[in-house]
Amino acid sequence: MYGRKTELAVGLFLIVGIASLFYLSMSLGGVSIFGNPYYKLYAVFDSITGLNEATTVEIAGVSVGKVLKISLHEEQAKVTLGILKGVEIPEDTVASIRTKGVIGDKFVKLTPGGAEK
């Protein structure tokens with residue numbers, strides 16, 4: 001009663017659905033399928049209380065990356081920032097840890113200086 005066209009349509013629908021679920025789970029998990037979208041910058045802080053890996057990095061309220069790694073370096077916290085390729089950060093940019101919202105989520109705020117380089 002059902003023809004080959006119906007079976008083909010159902011099969012294609014399932015393949016597209018599974019591919020969409022795979023893509024969504026990869027992007028929500030922060031895993032890039034097509035290579036690393038970030039370049040690394042490093043910031044050193046005396047205290048990073050409340051900051052976690054995968055926290056956002058913002059410039060003027062716009063998300064431009066995330067915290068990739070937090071480690072200890074000579075009694076200070078060394079934070080590895082992943083900045084999206086294509087976003088240029090001047091040399092004299094200042095990084096600070098700020099609180100977002102009422103709940104108190106932390107994020108890294110980058111404030112560009114006046115350098116052109």
Side-chain angles (χ1 to χ4, degrees):
M1 186 162 214
Y2 294 106
R4 283 264 217 226
K5 290 182 181 181
T6 304
E7 291 175 357
L8 183 62
V10 170
L12 286 174
F13 181 75
L14 283 173
I15 290 171
V16 169
I18 291 170
S20 298
L21 285 174
F22 176 75
Y23 175 76
L24 183 62
S25 65
M26 295 298 278
S27 61
L28 286 177
V31 178
S32 177
I33 302 169
F34 306 108
N36 190 357
Y38 302 106
Y39 66 91
K40 294 180 182 177
L41 290 180
Y42 302 95
V44 179
F45 298 97
D46 290 328
S47 174
I48 58 162
T49 304
L51 188 70
N52 297 312
E53 292 182 5
T55 300
T56 61
V57 177
E58 298 180 1
I59 297 176
V62 178
S63 179
V64 295
K66 67 180 182 178
V67 174
L68 298 177
K69 182 179 176 183
I70 298 172
S71 59
L72 188 62
H73 179 72
E74 297 179 9
E75 298 181 16
Q76 290 184 318
K78 180 179 178 183
V79 179
T80 304
L81 306 174
I83 306 298
L84 292 170
K85 291 179 180 174
V87 177
E88 295 184 21
I89 308 295
E91 287 181 348
D92 60 345
T93 299
V94 176
S96 57
I97 298 173
R98 299 292 175 99
T99 303
K100 182 186 289 186
V102 179
I103 299 173
D105 292 336
K106 303 286 184 171
F107 71 99
V108 178
K109 179 181 179 184
L110 299 179
T111 306
E116 293 182 24
K117 198 172 174 187

Item to check | hydrophobic_cluster_shared for Tyr39 and Val67, side chain cutoff 4.5 Å | outcome: yes
Next on the checklist: So which atom in Thr93 and which in Pro112 form the shortest heavy-atom distance, rounded to 0.1 Å?
Outcome noted: OG1-CA, 3.7 Å
Next on the checklist: Are Leu41 and Leu84 connected into the same hydrophobic cluster when the rule is that any two of I, L, V, M, F, W, Y join if their side-chain heavy atoms are below 4.5 Å apart?
Outcome noted: yes
Item to check | Test item: Tyr38 side-chain N/O and Leu81 main-chain N/O as donor-acceptor pair under 3.5 Å | outcome: no
Checklist entry - When rounded to the nearest 0.5 angstrom, what distance separates CD1 in Ile97 from NZ in Lys109? => result 13.5 Å
Item to check | Lys100/Glu58 ion pair, N-O < 4.0 Å | outcome: yes
Checklist entry - How many angstroms lie between CD in Glu88 and CD1 in Ile83, if you round to the nearest 0.5 Å? => result 12.5 Å
Checklist entry - Hey, which of Thr80, Leu68, Ile70 is the one that makes side chain to side chain contact (heavy atoms under 4.5 Å, CB included) with Glu53? => result Ile70
Checklist outcome for this item: d(Phe107 CZ, Thr99 OG1) to nearest 0.5 Å is 8.0 Å
Checklist entry - Around Lys85, counting heavy atoms of other residues, nucleotides and ligands shown, do more than 12 lie under 6.0 Å from its NZ? => result yes
Checklist entry - When hydrophobic residues are tied together by side-chain contacts of less than 4.5 Å, even through go-betweens, does Val87 share a cluster with Val79? => result yes
Item to check | Joint cluster assignment, Val44 & Ile89, ILVMFWY side-chain distance < 4.5 Å | outcome: no
